[in-house]
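Below: the structure, in structure tokens.
Numbered from 1 within each chain, the chains take letters A, B, ... in sequence-line order.
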2 protein chains.
Amino acid sequence: MKLTREADYAVRVVVELASRPPAAIVPSRAIAEQQQIPGAFLAKVVCGLARAGLIRTLRGSGGGLQLARPAAETTLRQVVEAIEGPIRLNRCLREPGACPLQSRCQVHGVWRRVQELLLRELDAVTMAELARTPGEPRDPRTAGASAGAPAGS
Amino acid sequence: MKLTREADYAVRVVVELASRPPAAIVPSRAIAEQQQIPGAFLAKVVCGLARAGLIRTLRGSGGGLQLARPAAETTLRQVVEAIEGPIRLNRCLREPGACPLQSRCQVHGVWRRVQELLLRELDAVTMAELARTPGEPRDPRTAGASAGAPAGS
DNA sequence: TCATAATAGGACTAAAAGGATCCTATTACT
DNA sequence: AGTAATAGGATCCTTTTAGTCCTATTATGA
């Protein structure tokens, strides 16, 4: 009933990219430091995101990560599912007919309804919105720093 | 992002008890067969439910399981959390201040909102409601059997 | 053109959690 | 008192998760 660490990181990576200028190429090390992600582990996350087609990777010197599509066209659900696979709250929602009790299981309907609710919520959030959100501004110094770092290299 | 098998079983156990006469004592073997739960594994589930105070267990011959409270007073959330512990979608929602980025993390707010939504939904479903729900009646034969099995032994 | 340095990609390894099973303690019935 | 039936707890194995390391690839500079 909880997000994997990898999916958590993945979302932060995409948000970080979305916070930069549209087609910016950002080295993974910069993202790792900015988002406090273990550098070595980030490679794995990046791999999953690239395989799903959400980001583009550029190798070699001067390379880095780049959004494959406009941030407004990528939803929170897409990022999570790119890492974890399809979101299924319960086993019986994975393959129809997996549960032999399905026809008389009272709980099945509830799980399906809750899952629909969850998916709808995750579908409604785009990376562009998240990039604009300043989080929970408590310290004006950090809030200013994060908003004012265009990384216009 | 998915329910553990044990929690899934736990819900079915409580629903099965709630489907019987109010203070019925049901041997775990009967529940295992009715809900298709591996008999040996059921013991672990039962242990967790009893420890959380949701059910009462009666040892010895003629013993079995019994609801500790009226089914209408137990919610789906209570059963799930009895097994899995507090529901936290993400690590940063567990302990406030666990994430060093919290003040400038754009995603934090979304996770909190989605989690609130999820909890509210699980809180709204009681075991009594689930016991009354006939599931998804597709096969009239099984639907009739489940509805017409009062187990009035 | 070739060597070098920086970068992503994928394979691999430890750690934790999940899933299941067995054995033991307890209770009622004979 | 003996026996059978039942839950409780401890234990083991499997799967998933988290993290690290090494290799392939590419651009840059000589």
Nucleotide-resolved protein contact map, nucleotides 6-22 of chain C, B/S/- at heavy-atom distance under 4.0 Å | -SSSB-------SBBB-
Per-pair distances, 0.1 Å, donor-acceptor, side chain in residues 41-51 of chain B, under 3.5 Å, sequence neighbours excluded:
none

[X]: side-chain hydrogen bond (donor to acceptor under 3.5 Å, both in side chains) partners, not counting sequence neighbours:
| X | result |
| --- | --- |
| Arg5(A) | none |
| Gln35(B) | Arg12(B), Glu16(B) |
| Thr4(A) | Glu84(A) |

Of all pairs that satisfy salt bridge (Lys or Arg N to Asp or Glu O under 4.0 Å), the ones with a partner from residues 58-77 of chain B, not counting sequence neighbours |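 Applying salt bridge (Lys or Arg N to Asp or Glu O under 4.0 Å) to every pair that reaches into residues 58-77 of chain B, excluding sequence neighbours, yields Arg77(B)-Glu81(B), Arg77(B)-Asp123(B).
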